[in-house]
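Note that these values count all heavy atoms, side chains included, but never hydrogens, waters or copies made by symmetry. Worth saying up front: this structure is predicted, and the values here are computed from it rather than measured.
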Amino acid sequence: MATVVIVDDSLFMRSVLKDIFLDLGHSVIAEAENGYDAVLKYAHFRPDLITMDINMPKMDGLEAVKKIVELDPQANILMCSALGQQEAIIKAFKAGAKDFIVKPFEMERVVNAVSKMLGS
């Protein structure tokens with residue numbers, strides 16, 4: 001069982017992801033609705049995995065990824081994007097993200113990404 005922090009400015013999207021992670025037997029230990037809070041919660045909780053939306057207020061996901069990787073170069077960051085955000089996804093990978101999933105989330109894709117990152 002992995003510890004997870006879910007980051008998305010949409011309460012609905014956080015809820016969908018939380019349900020998927022709970023169904024997989026993981027523990028969602030915190031949620032954040034912007035990149036600034038994501039960095040703070042990552043630093044505090046040091047989760048096994050953090051999901052990261054790209055477009056958010058205060059600090060976007062790309063900036064948050066950079067700051068989290070500065071704190072922990074081994075961070076398992078799973079980007080969450082809408083279709084058509086390929087350029088942002090490429091930037092996220094360059095910043096240190098490990099994988100991405102596309103909204104709306106498909107359970108199988110989330111399972112595959114998590115398994116690949118956590119080696120389970």
Between CG on residue Asn76 and CD1 on residue Ile50, distance to nearest 0.5 Å: 10.5 Å

salt_bridge(Asp99, Arg109) N-O dist < 4.0 Å: yes

Lys18 NZ: over 12 foreign heavy atoms closer than 6.0 Å: no

Verdict with supporting geometry, Val4 and Val114, side-chain contact (heavy atoms from CB on, under 4.5 Å): CA-CA 10 Å; Val4 181; Val114 171; over 6 Å; no

Backbone N/O of Ala75 and side chain of Arg46: donor-acceptor pair under 3.5 Å: no

4.5 Å side-chain heavy-atom contact, Leu49 and Val5: no

Verdict with reasoning, Glu63 to Lys67, per salt bridge (charged side-chain N to carboxylate O under 4.0 Å, His left out): CA-CA 6 Å; Glu63 190 63 30; Lys67 293 194 178 303; 3.8 Å; yes

Distance, nearest 0.5 Å, that separates OG1 of Thr51 from CD1 of Ile101: 7.0 Å

Side-chain touch Cys80/Phe105, heavy atoms, less than 4.5 angstrom: yes

hydrophobic_cluster_shared for Phe21 and Val111, side chain cutoff 4.5 Å: yes

Residue that, paired with Met59, satisfies side chain to side chain contact (heavy atoms under 4.5 Å, CB included) out of Asp37, Val39, Asn34: Val39

Main-chain N/O of Leu11 paired to Ser15 side chain as donor or acceptor, under 3.5 Å: no

Distance, nearest 0.5 Å, that separates CE of Met52 from OG of Ser81: 13.5 Å

Results of side chain to side chain donor-acceptor pair (under 3.5 Å) for Asp72 - residues two or more places apart only: Tyr42

Positive for side chain to side chain contact (heavy atoms under 4.5 Å, CB included) with Met13, one of Asp8, Val7, Ile6: Asp8

Test item: Val69 and Ile77 side chains (from C-beta on) under 4.5 Å apart, heavy atoms: yes

CD-OG distance between Glu33 and Ser10, expressed to the nearest 0.5 angstrom: 10.5 Å

Where Lys41 and Ala32 come nearest, the two heavy atoms and their spacing: CD-CB, 4.2 Å

Salt bridge Asp53-Arg14, side-chain N to carboxylate O under 4.0 Å: no

Short N-O contact, Asp9 and Lys58, less than 4.0 angstrom: no

Interatomic spacing from CG in Asp60 to CG in Asn55 - rounded to 0.5 Å: 7.0 Å

Donor-acceptor pair, side chain of Lys91 and main chain of Leu62, under 3.5 angstrom: no

Joint cluster assignment, Val28 & Met1, ILVMFWY side-chain distance < 4.5 Å: no

Under 3.5 Å: donor-acceptor pair, side chain of Asp48, backbone of Thr3: yes

hydrophobic_cluster_shared for Ile90 and Ile68, side chain cutoff 4.5 Å: no

Same apolar cluster (I L V M F W Y, side chains within < 4.5 Å links), Leu71/Tyr36: yes

More than 12 heavy atoms of other groups within 6.0 Å of Phe93 CZ: yes

Rounded distance (nearest 0.5 Å) linking atom CG of Leu17 with atom CG of Leu22: 10.5 Å

